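See below for the structure under consideration.
Order of the sequence lines sets the chain letters (A, B, ...), proteins ahead of strands, with each chain counted from 1. On a predicted model such as this, the values are computed, not experimentally measured, just so you know.
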Amino acid sequence: MAQELSKQYNPQDTESKWYKVWEQNNLFSAKPSPDKLPYCIVIPPPNVTGILHMGHALNNTIQDILIRYKKMRGFAALWMPGVDHAGIATQNVVEKALAKEGLKRQDLGREKFLEKVWEWKQLYGSTIINQLKKLGCACDWERARFTMDQEYSLAVTEVFVRLYEKKLIYQGHYIINWCPRCQTALSDEEAARAELQGSLYYLKYPFKILGDSPQKTGTVPKYTDEFIIVATTRPETMFGDTAVAVNPKDKRYKKYIGKTLILPLIKREIKIIADSSVDMEFGTGAVKVTPAHDPNDYVLGKKHNLEFIKIMHPDGSMNEIAEKYSGLDRFKAREAVLEDLKQLGLLEKIIAHTFSAGHCYRCQTIVEPYLSQQWFIKMKPLAKPAIKAVKKGEIKFYPDRWTKVYLNWMDNIQDWCISRQIWWGHRMPVYYCKNCQEKNPKAGIIVSRIKPSKCPKCASESLTQEEDVLDTWFSSWLWPFATFYWPKENADLKYFYPTATLVTAPEIIFFWVARMIMAGFEFKQQIPFKNVYIHGTVRDSQGKKMSKSLGNALDPLEVIAEYGTDALRFSLISITSQGQDVYLSKDRFEQGRNFANKIWNASRFILINLKPEDVNVDLCVFFKREQLDIVNRWILSRFYTTLEKVGKELDNFKFNEAASSLYAFFWHEFCDWYLELIKPQIGEKQTQIVMYKVLEKYLRLIHPFMPFISEEIWQRLPGAKDSTPSTHPGLKPGVCSGLMVSKVEPSIMQQNWPHLQSELINKQDELQMELAFEVINVIRNMRAELEVNPASRIDIQISAMSKLTQKSLEQLLSYIKNLAKVNALTLTEKYIAQNNQYAVVFKDLHIVMPLEGVADAAQQINKTNLKIDKLKSEIKNKEAMLANKNFTLRAPEEIVEAEKNKLIDMREQVKKLEAIKNGLR
RNA sequence: GGGCGCAUAGCUCAGUUGGUUAGAGCGCUACAUUCACAUUGUAGAAGUCGUAGGUUCGAGUCCUAUUGCGCCCACCA
């Protein structure tokens with residue numbers, strides 16, 4: 001027996017119930033299967049400290065739709081979940097917690113601190129996992145991976161050793177992005193530039209008096225009144241200056257090249273050098289060179305053999321080189337330096353200047369370009385095959401325009417700084433032999449998979465491991481294969497790799513997508529995935545990126561609590577056109593909620609009227625198309641048209657279009673028309689079967705989008721749930737899926753995607769029904785115009801000029817009568833004009849409403865007259881008002897404009913009413 | 001400096017390779033309430049598709065120029 005549904009859908013009860021059922025029945029697990037094709041999604045590992053935001057909700061909804069869809073299409077669909085260890089972020093969180101107890105990580109020491117981090121991970125690390133479950137994500141949780149897992153770490157070590165042995169990893173002194181707060185190096189991608197309103201300071205560097213040599217004599221150096229002015233945004237870096245550079249072509253400075261300047265405040269002697277890279281237009285055309293604190297100056301320093309002088313401690317405070325400024329934070333030092341220069345008359349001017357500086361992606365501190373010993377990967381050789389694969393189309397980006405962005409970055413790829421001076425992360429498999437290093441500082445480096453007990457060269461046992469850990473992305477870039485326990489070659493890896501699709505946000509292309517492709521080729525000699533779907537950024541209705549720090553974030557969990565998961569998912573997906581940014585405000589979710597309610601109530605109506613004994617048959621066996629009446633033929637044709645369309649849209653990653661196709665079909669065709677049309681014939685067997693089948697199949701179509709409500713209703717449907725053979729594109733050739741009649745499955749999740757019965761799509765049927773809809777609309781309009789009581793039935797004559805239309809209409813009469821509330825509907829060949837009737841011409845039809853017996857024509861005319869009179873007097877008032885200069889001159893323009901428009905509207909209305917009145921006579 | 005995206009109804013946006021009358025959601029107006037659903041139904045008002053040229057029988061769609069907004073990359077002393 002059909003179970004009755006409650007009047008209102010309650011998402012909260014439904015959702016937690018079904019997720020548990022799915023989990024308990026192991027429906028998320030995907031195993032290699034000999035007769036199925038694999039479809040694997042690699043989840044962008046959310047960071048372990050993360051909490052679900054709208055971006056995640058969108059990203060994971062898309063992935064879940066893909067997985068559920070592919071599963072129904074017969075693929076062995078695997079969604080491999082997990083989290084990454086988010087080195088800096090996690091360390092920050094734990095350090096913050098420690099700070100509350102008044103502790104620093106240094107107080108605990110490395111071992112103890114890491115214990116604390118693991119503790120924290122055990123307690124809070126699964127927050128995001130639980131939130132993904134609330135979203136309904138069909139992840140194979142048994143496979144959940146963590147980048148710091150033992151097996152995963154083995155892959156990280158393996159990769160490091162291999163790259164080192166190929167000489168693609170090297171150690172060197174370079175200028176890197178240094179975060180003084182986190183006290184670690186950052187990759188270029190982790191130090192995104194942001195515009196700053198700052199100042200450009202013009203400093204005077206005086207010339208040295210010839211012959212004076214204070215460094216030798218120990219006396220105070222003397223300088224002349226002459227000087228060169230340099231412009232800088234970071235005056236505090238002057239202590240590291242070892243030259244001033246000018247363009248050799250610059251006439252202003254040509255004569256000074258090679259002369260010596262005295263660096264104010266600390267009185268160092270510096271030379272003026274010439275370099276063509278200096279922009280003559282910018283500032284004064286003379287630039288101070290600080291090789292240890294600026295990447296460009298670093299290049300200059302190397303080229304001109306300058307001294308590299310570091311002037312800061314790792315925490316961003318000045319060191320002893322800065323003499324009396326030593327110990328001051330860099331920004332405090334800037335103020336002090338400026339003040340002192342001003343006193344000395346060496347500050348020429350300050351002008352406002354916008355510039356951009358790197359900001360730490362975790363704490364937003366302005367990063368300092370800092371010279372230090374770091375580890376790097378040579379990227380150019382890795383990039384080669386990764387560029388080729390995308391150019392050849394082995395990997396496709398959706399939308400395509402990201403291909404260009406990717407290629408552009410790859411063509412200009414820079415070496416990747418992979419060392420981080422933090423504790424939480426994979427420690428590098430690098431060991432130093434003290435003994436060897438004493439003899440030669442460049443020797444004594446041992447890179448090994450297992451910690452060596454003694455130095456292979458000198459057999460010394462005094463070995464220390466590198467303190468630095470690896471960039472988190474150094475583990476994430478291995479995700480597509482390391483999650484399958486690579487470097488072991490197991491069956492899962494063989495079956496699921498390369499994976500099918502990666503769904504991610506644009507900001508992650510460089511961080512992660514590009515690097516995964518490179519890792520795929522380097523370590524698996526293969527692409528890691530075939531498709532990369534890049535979705536838009538979620539923004540608020542102002543267009544700002546949603547983020548916690550801006551306080552404009554809509555919490556998906558709140559939305560779920562208020563509207564339900566299905567509503568959240570459906571709304572999100574229907575406003576995400578391919579690759580466009582998503583603008584969100586809360587009322588968006590009402591649409592999704594209303595739609596869920598509509599599905600619920602339509603299903604409720606069907607279940608109330610369903611005779612289960614009738615529906616337990618196979619549609620395609622029981623009925624041929626010709627045996628069905630026009631309404632049932634029509635809805636089947638529309639259903640299969642929709643099925644075909646949605647399939648194509650999903651295959652092309654057009655999720656919003658699929659959602660809107662599903663929405664329009666269900667609401668505006670199935671509910672608005674079909675269910676209304678069949679009400680008088682709902683007991684008929686053919687109608688019973690068709691309405692049931694369409695609903696049952698529709699639930700399967702909507703399931704990837706709205707998994708919970710579709711499951712809840714589907715479970716309450718009686719009878720055979722699936723009886724048509726599936727197309728099963730995911731099955732390997734030669735495998736027959738067979739008929740699956742009445743097979744009891746615990747879940748809609750395991751059902752096939754409905755088989756496309758294209759023989760049931762018939763454009764003729766669709767056109768015929770459309771004619772009925774149009775006629776019904778015309779009659780409804782006529783009623784509205786004449787203000788016929790909505791409850792009363794009227795008589796209508798329709799004359800069709802063509803025989804064909806007439807024949808079409810004959811089958812439709814009862815439906816038209818029903819939905820247009822017509823009493824007697826007569827069909828005639830020719831239209832003969834008569835008195836006392838209201839006629840409308842539509843296409844080749846005359847639709848005529850005789851007025852006697854329907855409404856008192858005279859009364860209608862009176863009513864219309866009254867309306868016209870009222871309008872006319874209002875028009876007079878308006879005209880007088882607009883003629884009044886007091887009004888037109890004093891009132892705001894937009895109000896005058898609005899009044900004018902109102903006047904125009906009213907005149908048009910009068911015209912219309914007069915036309916109707918004439919029709920009535 | 002280089003690249004990309006967007007501009008369509010009051011608002012937020014769809015519109016696949018050029019093709020009948022340019023769509024949706026929200027909002028607005030009028031009417032409807034023993035009916036599966038007011039989280040509803042019926043109907044209505046509302047658009048010179050940013051601007052200017054061009055290609056074409058035909059342009060929201062293709063080309064050129066231009067304006068405004070947003071994003072990315074590089075540079076930034």
Side-chain angles (χ1 to χ4, degrees), chain A residues 4-5 7-9 188 192-193 195-196 198 200-203 230-235 237 241 244-245 277-279 282-290 294-297 300 353-357 399 401-402 404-405 408-409 412 506-507 509-510 536-537 539 541 543-545 563 567 571 574-585 587-588 590-609 645 648-649 652 654 656-657 659-660 663-664 667-668 671-672 675-676 679 776-777 780-785 787 789-791 819-821 901 905 908-909:
Chain A
E4 259 195 53
L5 303 183
K7 197 163 176 182
Q8 284 226 331
Y9 173 55
D188 292 342
R193 286 171 177 276
E195 290 254 304
L196 283 176
L200 193 57
Y201 306 93
Y202 286 72
L203 314 182
V230 295
T232 180
T233 53
R234 295 186 296 150
T237 61
D241 288 5
V244 165
S277 69
V278 177
D279 180 358
F282 192 90
T284 60
V287 53
K288 62 194 264 311
V289 183
T290 324
D294 183 277
N296 295 309
D297 295 0
L300 275 180
H353 179 64
T354 38
F355 66 106
S356 65
R401 71 181 125 94
W402 294 107
K404 242 175 125 177
V405 177
N408 187 39
W409 187 76
N412 300 301
E507 58 263 31
I509 292 178
F510 306 138
T537 307
R539 299 172 188 282
S541 46
K544 291 208 179 92
K545 188 173 165 177
Y563 300 99
S571 291
S574 51
I575 54 180
T576 317
S577 65
Q578 200 178 58
Q580 275 317 113
D581 286 355
V582 179
Y583 293 78
L584 265 190
S585 62
D587 53 355
R588 288 275 177 186
E590 275 176 30
Q591 188 193 350
R593 179 201 56 186
N594 294 356
F595 186 45
N597 186 252
K598 192 73 180 176
I599 295 176
W600 184 258
N601 275 296
S603 307
R604 181 166 174 254
F605 170 75
I606 290 173
L607 282 175
I608 286 169
N609 290 290
K645 204 161 164 257
K648 273 185 193 156
E649 285 159 345
N652 290 305
K654 310 225 162 170
N656 67 317
E657 289 176 35
S660 95
Y663 180 92
W667 200 310
H668 298 308
C671 291
D672 286 354
L675 291 185
E676 293 303 324
K679 274 179 182 171
I776 290 166
N777 272 331
R780 280 173 176 170
N781 266 322
M782 291 165 81
R783 297 176 60 116
E785 277 163 23
E787 289 191 349
N789 181 344
L819 293 195
K821 291 231 159 127
N901 287 336
D905 282 355
E908 267 177 26
Q909 244 180 317

Just checking [X]: base, sugar-phosphate only, or nothing, at a heavy-atom cut-off of under 4.0 Å?
X: A/Leu200; answer: sugar-phosphate
X: A/Val278; answer: base
X: A/Ser660; answer: nothing

(message) Run the side-chain contact (heavy atoms from CB on, under 4.5 Å) test against A/Val287 and tell me which residues pass, sequence neighbours left out.
(response)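 For A/Val287, the residues satisfying side-chain contact (heavy atoms from CB on, under 4.5 Å) (neighbours in sequence not counted) are A/Ala245, A/Val278.
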
(message) Taking the nucleotide of RNA chain B with the nearest heavy atom to each, does A/Asp672 or A/Phe605 sit closer to the 5' end?
(response)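 Here A/Phe605 is the residue nearer the 5' end.
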
Which whole-number value in Å describes the distance from [X] [atom1] to [N] [atom2]?
X: A/Asn408; N: B/C4; atom1: CG; atom2: P; answer: 10 Å
X: A/Gln591; N: B/C13; atom1: CD; atom2: P; answer: 14 Å
X: A/Ile509; N: B/C71; atom1: CD1; atom2: P; answer: 17 Å
X: A/Arg401; N: B/C4; atom1: CZ; atom2: P; answer: 11 Å
X: A/Asn412; N: B/A74; atom1: CG; atom2: C1'; answer: 9 Å

(request) May I ask you to check whether A/Asp241 and A/Thr290 show a side-chain donor-acceptor distance below 3.5 Å? (result)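 A/Asp241 vs A/Thr290: donor-acceptor pair found between side chains.
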
Report each atom pair, protein N/O against N/O of nucleotides 37-39 of chain B, whose distance is under 3.5 angstrom.
from: B/C37; atom 1: OP1; to: A/Lys7; atom 2: NZ; distance (Å): 3.2
from: B/C37; atom 1: O4'; to: A/Asn601; atom 2: OD1; distance (Å): 3.2
from: B/C37; atom 1: O2'; to: A/Asn597; atom 2: OD1; distance (Å): 3.2
from: B/C37; atom 1: O2; to: A/Lys598; atom 2: NZ; distance (Å): 2.9
from: B/C37; atom 1: N3; to: A/Lys598; atom 2: NZ; distance (Å): 3.0
from: B/U39; atom 1: O4'; to: A/Asn594; atom 2: OD1; distance (Å): 3.2
from: B/U39; atom 1: O2'; to: A/Asn597; atom 2: OD1; distance (Å): 2.7
from: B/U39; atom 1: O4; to: A/Gln8; atom 2: OE1; distance (Å): 2.8

(message) Measuring only the C1' atom in each nucleotide, how far is B/G18 from B/C13? A whole number of Å is fine.
(response)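 So the two C1' atoms sit 22 Å from each other.
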
(message) Counting Watson-Crick and G-U wobble pairs with both distances under 3.5 Å, what is the dot-bracket string for RNA chain B, 5' to 3', using [ ] for crossing pairs and | for pairs to another strand?
(response) (((((((..((((.....[...)))).(((((.......))))).....(((((..]....))))))))))))....

